Amino acid sequence: MALTVLLAATLRKYIPGYDAAAGHAIAIDQGTSVRDVAQRLLIPEHEVKLIMVNGVHGDWDTMLTGDERLALFPPVGGG
Amino acid sequence: MSENRYARQQILPEFGPEGQQRLADSSVLILGYGALGCVHGELLARAGVGRIRIVDRDLVELTNLQRQIAFDEHDANSQTPKAEAAARRLRAINSSIVIEAEAIDVTPRNIEAFIRDVDVVLDATDNFETRYLLNDACVKFEKPWIYGGVIGTEGVTMAILPGTGPCLRCLMPDAPTAGSFPTCDTSGVLNAAVAIIASWQAAAALRLLVGSMPPQQRLVSIDCWNGLFNSFAVNKEDGCPCCGLRNFEFLEAKRTAWTTVLCGRNAVQVSPPQAVNLDFTALTERLQQAGRVLRGGLLLRFQTTETEMAIFPDGRAIIMGTTDEAKARGFYAKYLGI
């Protein structure tokens, strides 16, 4: 059982060799927050604008059980 | 019997002659006419939307042509306003519809006039300040709008139907901090990614206009380079400052960047809506992708072929070589992000 972290666009650089199709799997303890995961992966909080947990809008304090799909997006504003 | 130019569309059960007539009787605003807007205009004019209003503050440049499919080298060489080039093209595509075009900066003072008499607004802006302003205006006047944004090889989109679902501030309560995030000019953008997101937005608008079931109010993200598609549930938040508390900070110009023409200096100062503390190292890294950066003491000097600016740690920037405030705001949005 592992958390799958899916990173969009410019956030991918924080995980060397990041595989966009598979995402990045990490083991976490139950009760770990989204903020804890970002800190562990050295992803700066201010670069993340959208947090989705298992397809639903979440936030920094959303608690994880350890088997979710966590998607993080930077501000997506080009047009 | 004359040929029906919409025959291939009208035989779709989703349209039919009634749906086609509804399109003819309807109107859209395309806010911004960059890469997203070019696709919106093409699709909606060809589909037969009766009145299309285009509002854009910019001129066509050579670096636009990679993704802005309405423009050509002649437009870039003559630095034609995008609104003007777009109107010419759409009138040539479909002379039976009305095209209204304005080369103007959208601000809290004028946005109401642009959205009041249209049925739906397509977001083709390149900055968050205008998007949050659009969100305020559309929620206040209950106007549906379709958010779209792109960066790199991917993009996101969401239909926002005020009164029935979440708004932009339910999704992102605060606008990103000025000068702290990637833009297409500093991180690049894949033309196909823009076309996919813009097409998705256009389909949502058409669905609304023909009176079919309203589009789903979910955030859709597509990375066409890596073959990824996801859709996310977004809740309407009771405490949302905009649609929940009806506090229209952007429309009331409380959260707008300020511009000041610096007399006698041929320069404009742009100040972000709130004080920021810029990370010069990260900003230098991003700006180096787009031009020359010189870091000295308390400021960054940034130079491209089209502009030169001095950037201060509090997010303020002095844009040299112009006294045009809209142009200066445009450069700020392009390179620093706002």
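Proteins get letters first, then strands, A, B, ... in listed order; numbering begins at 1 in each. Worth saying up front: this structure is predicted, and the values here are computed from it rather than measured.
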**Q** I need the minimum non-hydrogen distance between A:P75 and B:F128, along with the two atoms involved.
**A** CB-CE1, 3.6 Å
**Q** Which region of B:A35, side chain (C-beta onward) or backbone (N, CA, C, O), has a non-hydrogen atom less than 4.5 Å from a non-hydrogen atom of chain A, or is it both or neither?
**A** both
**Q** Can you tell me which portion of B:A333 sits under 4.5 Å from chain A's heavy atoms? Options are side chain, backbone, both or neither.
**A** neither
**Q** Is a side-chain N or O of B:E154 found less than 3.5 angstrom from the main chain of A:A9, in a donor-acceptor match?
**A** yes
**Q** Under 4.5 Å, counting heavy-atom pairs only, tell me which of B:G34, B:P176, B:G152 racks up the most with chain A.
**A** B:P176
**Q** Please name the pair of heavy atoms, one in A:G78 and one in B:C184, separated by the smallest distance, quoted to 0.1 Å.
**A** CA-SG, 3.5 Å
**Q** Heavy-atom distance under 4.5 Å to chain A: side chain of B:V156, backbone, both or neither?
**A** both
**Q** What's the spacing between A:K49 NZ and B:F181 CZ if we round to 0.5 Å?
**A** 9.0 Å
**Q** Tell me which pairs pass ring-ring contact (aromatic ring centres under 6.0 Å, His included) where either residue lies in residues 17-67 of chain A, with sequence neighbours left out.
**A** none
**Q** Counting heavy-atom pairs under 4.5 Å with chain A, which one of B:L228, B:N127, B:T183 comes out on top?
**A** B:L228
**Q** Quick one: pull up CG in B:L219 and CZ in A:F73 and give me the separation to the nearest 0.5 Å.
**A** 6.5 Å
**Q** Rounded to the nearest 0.5 Å, what separation is found between the CG atom of A:D19 and the CG atom of B:N226?
**A** 8.5 Å
**Q** Would you compute the distance between atom CG of A:N54 and atom CZ of B:F232 and round it to the nearest 0.5 angstrom?
**A** 10.5 Å
**Q** Measure distances from B:S231 to the heavy atoms of chain A and classify the residue's part below 4.5 Å as side chain, backbone, both or neither.
**A** backbone
**Q** Check each atom of B:C170 against the heavy atoms of chain A and say whether the ones under 4.5 Å are side chain, backbone, both or neither.
**A** backbone
**Q** Counting only non-hydrogen atoms closer than 4.5 Å, does B:D174 touch chain A with its backbone (N, CA, C, O), its side chain (CB onward), both, or neither?
**A** both
**Q** Tell me, yes or no, whether the heavy-atom count around B:Q288 atom CD, taken from other residues, nucleotides or ligands under 6.0 Å, exceeds 12.
**A** yes
**Q** Quick one: OG on B:S187 to NZ on A:K13, what's the gap to the nearest 0.5 Å?
**A** 7.0 Å
**Q** Just wondering, more than 12 heavy atoms not from B:Q216 lying within 6.0 Å of its CD?
**A** no
**Q** In Å, rounded to the nearest 0.5 Å, how long is the span from CG of B:L171 to CG of A:L50?
**A** 4.5 Å
